[in-house]
Amino acid sequence: MTDSTLSTRYDPKQVEQKWYTRWEQNGLFAPRGEGEPYCITIPPPNVTGSLHMGHALCYSVQDVLGRWMRMQGRQVLILPGMDHAGIATHKVVEAQLKTEGLNRFDMGREAFVERVWQWKEESGGTILRQFKRLGFAFDWSRERFTMDAAYHDAVLDVFIDWFQRGLIYRGKRVVNWDPGLRTSVSDIEMHDEVRHGKLYHVRYPFEDGSGSITIATTRPETMLADVAVAVNPKDARYVGLVGKKVILPLVRCAIPLIADEYPDPEFGTGAVKITPAHDPNDFLVGQRMGLDFNDPKQVPVCIGEDGRIHFPGSPYDGLDRFEARKRIVADLEAEGYLEKVEDYDIPLKISDRSGQVIEPLLSEQWFCSMHSLAAPAIEAVRSKKIKFTPERYSDVYLRWMEDIRDWCLSRQLWWGHRIPIYYDDECKPIAAKSEADAMAIAGGPVTQDPDVLDTWFSSALWPFATLGWPEKTDDLAKFYPSNVLVTARDIIYLWVARMIMDGLDRVDEIPFHDVYIYATVLTEDGKRMSKSLGTGLDPLEYIDSFGADAMRFALLIQTGHNQEIRFGEKRIEEARNFCNKIWNASRFALMHLNGEAPSKIAPERLEDKWILSRMSFCGATVEAALREYNMMEACKALLDFFWSEFCDWYIELAKHRLESGEAAPRAIIRNILDRFCKWAHPFMPHITEEIWHMLPGVDPDAFLDYSDWPVGGERDESAESEMARNQEIVRAIRSLRQDAGITPKQTLPLLFASGDNFDAEIVRSQTWFGNIDRSTPEGASVGTVAEGVEFKLPLAGLIDKGKELARLDREEEKISRDLDSTLRRLNNPEFTHRAKPEVVQRDRQTAADLQEKLAKLAERRDQIKALP
RNA sequence: GGGCGAAUAGCUCAGUUGGCAGAGCGCCUCCCUUACAAGGAGGAUGUCGGGGGUUCAAGUCCCUCUUCGCCCACCA
């Protein structure tokens, strides 16, 4: 019995390493066979560092699905890769440079990009190691990066196509400018924040000397670029004044007082200064005024890309925008223009990328017109061609899509896909795949646009560019559309929506059938996990101390259709304990299997039939849960079955049968371990592979991923209910023993039973009695009634009369309460008439049982009282 | 302002079509019973956030309110 030498504690470290190496060496992760293809192109993590808990969950779910499908004979491709993550990576490397006293502008574009590639190798390597430690069976041979040469080609292809179709256009707009990173960012790359500030009331005198009009502003520094003052045409206070000119204080030039719908008469003074270059709303007013945004005289810009005042000749030139505000306010006050200052909570846009206050800034950018791309993508979700799980997210998606805005594509960065636009000597843009192509078209020298594309432009092609598109590859034909996208809810707009639009537009087919949005992993006390807050947890640390299987299971058992999960060390300890339980139960089983692999399962006793039925139920539950992407339910089914049913009952019942050499429990236990290993394998791949291979009869060269997925579902209802009765009885008698102060170790010779509607062997062995006698004991005894059978144990001399009576009281009280509520229902004719007959029948039975129990309790009370 | 989610045992959370409230952890008692003390047996614990309504019957369905989290929009 070599197996008994196995440690009583499961050691994940060596087991996990051993199997991962073997899986890789045997090429398990690439698609195999001729089964129906199943594909997931994993969300490529950013090469900005290392993976966190959210990643661990995200990819664990995908690994579960992949392994589950593989076991069902599908041809599975889980395609991994990483994202160059333009701004995010750019920022990481810029921060590194800063610590070295360098910056990208001194380095130059080429050297900087080279430096980022170095970082990409480093971060990518870390991430890959983490993936492998978590045990993911992804096809590393097909690993892709969003800046691979072929991928870049796909990006150019889409851009040029859309440019030629007029979907991509260049324009001067007020964009969200991040002065820290010196680039534009999109609408969805920033968040709102309210900060304490001031609302300044500034007097703008009329040119004709007839007094002044007062405007309210939170940003006096932008007045340098004011082009007008606007009032609402319905605002009675200003009727007749519109058309006058006002003098812009400090700048001392004349600007018009205009009427526009935009000012809200209720706010401030009802008069607004209009600065089209530094405010999106003012920009719209400027458009309505018919301004030429290319003419700096008509639309001046007073803040530069670095967030400093750019107003040559003024004393403010070169000042930081916040410093300039102070100076300008001071000057306005000194010159008597400042009417009043109020405290005011200013709603601001903060860049998600740098944390800087977004500066709305007029600049020339590339945009993508979204409406025509969105229409089919809306239809695909509305018609349920693409299904979201949980379903509520399809509404989130649709609402955003129906109100979609044009997308600012260009970023003033160096890390990313450079925009394939070349300008000829007349500054006419030409879209081309290379400089040579562009020159051929231009017939002369060209200059490439310096900007790069928003990183999501390339991410949007992920489901097909990774499969070789625009080439017509075998992979593309076989694996597109992929089956499911597993992702976080915060990138539904950024990524999911765009993949759907791109897929439908460029490949003419949805990119995936299902979208599963998993829960956000929070800390134990409900905080967002974040490195900067110090609340981030590193999965690798937990894997080191608890094992990858425990790590995965701990996350998966909390992941259903919920929106968030709280994760702490407690949860992973529980999962580790489960691994240990699996290990020890298997150890026990192996000690008794004697290396035999009994082929035929012959259920002989009630518990055999029961456990086989429960096993079947477990498999069916796991499968149904997986179909609905409900990891929690699947994990719970596995845990409950294995621990509470198989270990706590079946193994306990099987012990003495194994001792006496019975074949049936051996065969059944082996069968259960085999199936359990299979059903649990997607969730806990290493420990299940290890145990499965220890089972006698398992081909040492086989792997669970390519074994089979047993079908569950056949139930033996009568065995289940009969077993449940016996379990009830066992629990009642154990409780009785405990109450009587008898420890399990004290095996009592005799238990007396009043009937025989129970399985004597189950009850006797599980309540630790030598024998059961179907008569009434003489002398003092304690007893209990369970499932209509009365059990007594003789306790002459041991019984504490007072205690026993108190116990009977408690029991009686509880039964009476139950009986009362049941009778109340039954005595209500409305209930008996209207409720479903089976419900009424069940209640009648319950009432009868309770009454009988009560009678027996009364009888017992008399007996006890009669004792000396 | 609009939308989504959450509120159930001390904590973290399950609760499928309405039919007598569950698990894990924690707590109490007992047990190192030859697979496992990272374990076993037993036990205590609930105005299911508040208030209405529908129903014979509501944690579950409807209305409403409160608190928390998230998303979207707007704001001089």
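Labels below follow one simple rule: chain letters A, B, ... track the order of the sequence lines, proteins then strands, and each chain is numbered from 1.
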Interatomic distance, A:L638 CG vs B:A14 C1' [rounded to whole Å]: 16 Å
Presence of donor-acceptor pair under 3.5 Å, side chain of A:K581 and base of B:C36: yes
Spacing between A:D11 atom CG and B:C36 atom P, to the nearest angstrom: 18 Å
Whole-Å P distance, B:G50 and B:U60: 10 Å
Gap in Å between the two P atoms, one belonging to B:U66 and one to B:G26, rounded: 39 Å
B:A41 base / A:R734 side chain donor-acceptor hit below 3.5 Å: no
For A:E189, all residues meeting side chain to side chain contact (heavy atoms under 4.5 Å, CB included), sequence neighbours excluded: A:I87, A:V185, A:S186, A:R353, A:R411, A:D454, A:W456, A:L494
Any N/O donor-acceptor pair, A:E633 side-chain to B:U16 base, under 3.5 Å: no
Sugar-phosphate only, base, or nothing, as touched by A:K636 at under 4.0 Å among non-hydrogen atoms: sugar-phosphate
Touch class at under 4.0 angstrom, heavy-atom based, for A:C647 against every strand present: base
Interatomic distance, A:D648 CG vs B:G40 P [rounded to whole Å]: 6 Å
Integer-rounded Å distance: B:C72 P and A:D395 CG: 16 Å
Test: A:E574 and A:R571 ion pair at under 4.0 Å: yes
Complementary nucleotide of B:G69, counting Watson-Crick and G-U pairs under 3.5 Å: B:C4
From B:C56, B:A14, B:C4, nucleotide with atom closest to A:R392 side chain: B:C4
Nucleotide paired to B:U17 in any strand shown, Watson-Crick or G-U, under 3.5 Å: none
Complementary nucleotide of B:G59, counting Watson-Crick and G-U pairs under 3.5 Å: none
Near-strand residues of residues 815-827 of chain A, defined as heavy-atom separation under 4.0 angstrom from RNA chain B: A:S821, A:T822
Sugar-phosphate only, base, or nothing, as touched by A:K655 at under 4.0 Å among non-hydrogen atoms: base
Interatomic distance, A:N584 CG vs B:G39 C1' [rounded to whole Å]: 9 Å
P gap between B:G40 and B:A35, integer Å: 14 Å
Donor-acceptor pair under 3.5 Å, A:E652 side chain vs B:A35 base: yes
Sugar-phosphate only, base, or nothing, as touched by A:P263 at under 4.0 Å among non-hydrogen atoms: base
Sugar-phosphate, base or nothing in reach of A:T846, heavy atoms under 4.0 Å: base
Sugar-phosphate only, base, or nothing, as touched by A:I557 at under 4.0 Å among non-hydrogen atoms: nothing
Sugar-phosphate, base or nothing in reach of A:D192, heavy atoms under 4.0 Å: base
Sugar-phosphate only, base, or nothing, as touched by A:Q563 at under 4.0 Å among non-hydrogen atoms: base
N/O (side chain, A:W643) to phosphate O (OP1/OP2, B:G40) under 4.0 Å: yes
Atom P, compared across B:U47 and B:G42: separation rounded to whole Å: 26 Å
Euclidean distance, atom CH2 of residue A:W649 to atom P of B:C36 [Å, nearest integer]: 20 Å
Pairwise salt bridge (Lys or Arg N to Asp or Glu O under 4.0 Å) hits with a residue in residues 391-401 of chain A, at least two apart: A:K384-A:E391
Check: A:Y629 ring centroid to A:Y516 ring centroid under 6.0 Å: yes
B:C11 - base-pair partner by Watson-Crick or wobble geometry, distances under 3.5 Å: B:G24
Test: A:E623 and A:R627 ion pair at under 4.0 Å: yes
Whole-Å P distance, B:A6 and B:G43: 33 Å
Atom P, compared across B:C70 and B:A37: separation rounded to whole Å: 43 Å
Interatomic distance where CD belongs to A:E564 and P belongs to B:A14 [whole Å]: 10 Å
Sugar-phosphate only, base, or nothing, as touched by A:D282 at under 4.0 Å among non-hydrogen atoms: nothing
Flag for A:R587-A:N584: side-chain donor and acceptor within less than 3.5 Å: yes
Output field: ring centroids A:F676/A:F646 closer than 6.0 Å: no
Sugar-phosphate only, base, or nothing, as touched by A:Y493 at under 4.0 Å among non-hydrogen atoms: sugar-phosphate
SB check A:D343 A:K198 (cutoff 4.0 Å): yes
Distance-only side-chain donor-acceptor flag, A:K655 / A:S765, under 3.5 Å: no
